[in-house]
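Single-structure report; data block below.
In what follows, chains are A, B, ... by sequence order, proteins preceding strands, each numbered from 1. As the structure is a prediction and not an experimental result, all values here were calculated from the model. Because only heavy atoms are used, hydrogens play no part in the values below, and waters and symmetry mates are left out as well, while side chains stay in.
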Amino acid sequence: MGKRKWYVVWEGTEPGICETWEECRQRVEHVPHARYKSFNTREEAIVAFRNNGDDDAALIRAIANAPTTTVVNYAAIPEIYPGSVAVDGACSGNPGLMEYRGVDIFSGKELFRQGPYPDGTNNVAEFLAIVHALAWLNNQGKTMTAVYTDSRNALLWVKKKHCNTKLARTGRNEKLFEIIARAERWLATHDYKNFVIKWQTDKWGECPADFGRK
RNA sequence: ACAU
DNA sequence: AGATGT
Ligand SMILES: [Mg+2]
Ligand SMILES: [Mg+2]
C-alpha cells in the first residue's frame, strides 16, 4: 500500500499520534510494553481501534485531535451500496492463525466472525469470508445484498468456485480444509445473485471489515 | 506488475 | 522484513 503517514502510540505511554517514523521510534524505544501502529489517515486509525474493541478514551481522543485529514463518507460514494456487507480475512503469521468476519458497510457492526483456525493463509481467509457472507445472506433471504472484499484473489476464486490455495496440510488444519471443501460445495450448489465487489482501498481507505493489524 |  | 496469490 505504500508509505504510511500516521503512527499511533499506546500502552505503557500516554496514547498519542506521531507524524513521522522517527518521532514514533523515539517515543517507543525505551518503553518496554509500548505498542505502535501506522495508518494512512486519522479515520482509518479510529476505525481500526474501534474494530479491535479498544475503548481507551484517551487514545480515541488523541486520534480525534490529530491534525486533520480528509473524512471518507462511505454513504456519499455511489459505488458503495447501502446495506452491503464488507468482509475481511486476517492471519497472524502467513501461513498462521487465521480468521475472518463480515460487517455492515456503513455502521461497521459485526455480522459474523469465524476462527481463529490454525495454519491458514490470508487468501483462504479472504475466500472463506466471501462465501460465508454469501451463505449468511442467502439464509436470510437477502439475495440482492452486495458483498465487498479487498482481495482480488478471493474474488477470482469465488467466481471460479474454487479455492486455489497452495497451503500445505499440517494435520492441525484438517478442519480448515473441510471448511474450504464445504465452501466450494456451497458455491457449486447455490445460484446466488449477490454482487461481489472489489473494495477500492486506494480510493476509499481501509475496508470497514479490516482487522486493523497491519 | 497488481491485490492482500 | 517475510508470506499468499494471479
Ligand atoms: Mg483484506
Ligand atoms: Mg485487512
Side-chain angles (χ1 to χ4, degrees), chain A residues 1-8 20-22 24-25 28-29 34-41 43-45 47-48 51-52 72 74 77 79-80 84-103 105 108 110 112-134 146-181 183-184 187 195-214:
Chain A
M1 213 104 68
K3 267 277 163 286
R4 300 290 182 144
K5 183 172 184 192
W6 300 100
Y7 299 87
V8 179
T20 66
W21 165 242
E22 186 51 28
C24 176
R25 193 187 56 71
V28 159
E29 63 184 345
R35 298 180 62 195
Y36 62 90
K37 184 169 161 43
S38 57
F39 300 91
N40 291 314
T41 67
E43 287 65 38
E44 287 181 19
V47 166
N51 285 351
N52 280 346
V72 182
Y74 299 152
I77 302 173
E79 302 101 305
I80 303 179
S84 300
V85 175
V87 297
D88 195 38
C91 239
S92 171
N94 192 19
L97 198 60
M98 191 207 87
E99 63 189 317
Y100 54 92
R101 68 175 193 148
V103 307
I105 207 151
E110 192 168 278
F112 60 82
R113 178 192 284 254
Q114 298 292 299
Y117 303 105
D119 300 340
T121 69
N122 61 331
N123 291 323
V124 169
E126 301 273 19
F127 171 78
L128 292 179
I130 297 172
V131 182
H132 193 96
L134 291 172
V147 177
Y148 287 77
T149 175
D150 64 20
S151 172
R152 229 184 45 140
N153 243 317
L155 202 44
L156 293 175
W157 287 359
V158 168
K159 278 192 183 132
K160 293 185 164 90
K161 303 180 186 288
H162 174 63
C163 175
N164 196 28
T165 183
K166 273 77 179 171
L167 180 62
R169 292 183 187 260
T170 63
R172 303 176 68 231
N173 58 18
E174 282 312 306
K175 184 164 138 201
L176 183 55
F177 275 96
E178 280 175 36
I179 295 168
I180 293 169
E184 290 174 330
L187 291 171
F195 289 8
V196 183
I197 302 172
K198 176 67 175 72
W199 177 264
Q200 298 183 45
T201 308
D202 54 343
K203 297 177 190 164
W204 306 337
E206 207 63 79
C207 167
D210 183 53
F211 285 81
R213 295 169 180 172
K214 290 188 304 301

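Rounded to a whole Å, the OH atom of Y148(A) is 18 Å from the C1' atom of A3(B). The distance from atom NZ of K166(A) to atom P of U4(B) is 19 Å, rounded to the nearest whole Å. Counting to the nearest Å, the P atom of A3(B) and the CD1 atom of I130(A) are 16 Å from each other. Summarising the geometry, the separation between CG on D202(A) and C1' on U4(B) is reported as 13 Å, rounded to the nearest angstrom. One atom, CZ of F211(A), and another, C1' of U4(B), lie 14 Å apart when rounded to the nearest Å.
Applying the salt bridge (Lys or Arg N to Asp or Glu O under 4.0 Å) test to residues at least two apart or on different chains, none of the pairs has a partner in residues 88-97 of chain A. Annotation: side chain to side chain donor-acceptor pair (under 3.5 Å) contacts involving residues 115-133 of chain A, sequence neighbours excluded, comprise N94(A)-N122(A), D119(A)-T170(A), D119(A)-R172(A).
Within residues 151-159 of chain A, the residues approached by DNA chain C to less than 4.0 Å at the level of any non-hydrogen atom are R152(A), N153(A), L156(A), W157(A), in residue-number order.
Extent of DNA chain C lying under 4.0 Å from chain A heavy atoms, first and last nucleotide in 5' to 3' order, is dA3(C) to dT6(C).
Evaluation of the side chain to side chain donor-acceptor pair (under 3.5 Å) rule for E174(A) yields R169(A) as partners, not counting sequence neighbours. For A183(A), the side-chain contact (heavy atoms from CB on, under 4.5 Å) partners two or more places apart in sequence, or in a different chain, are F127(A), L128(A), V131(A). Considering only residues two or more places apart in sequence or on other chains, E79(A) meets the side chain to side chain donor-acceptor pair (under 3.5 Å) condition with none of them. Remark: L97(A) engages S92(A), P116(A), P118(A) in a side-chain contact (heavy atoms from CB on, under 4.5 Å) (not counting sequence neighbours).
The side chain of K198(A) contributes no N or O atom lying less than 4.0 Å from OP1 or OP2 of C2(B).
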Using distance only, find each side-chain donor-acceptor pair of residues 152-163 of chain A under 3.5 Å and give its atom names and separation, not counting sequence neighbours.
unit_1	atom_1	unit_2	atom_2	d
K161(A)	NZ	L187(A)	O	3.1
H162(A)	ND1	E184(A)	OE2	3.2

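At the heavy-atom level, D150(A) lies under 4.0 Å from the strands shown only through sugar-phosphate atoms.
Residues W204(A) and Y148(A) form a side-chain contact, since some pair of their non-hydrogen atoms from C-beta on lies under 4.5 Å apart.
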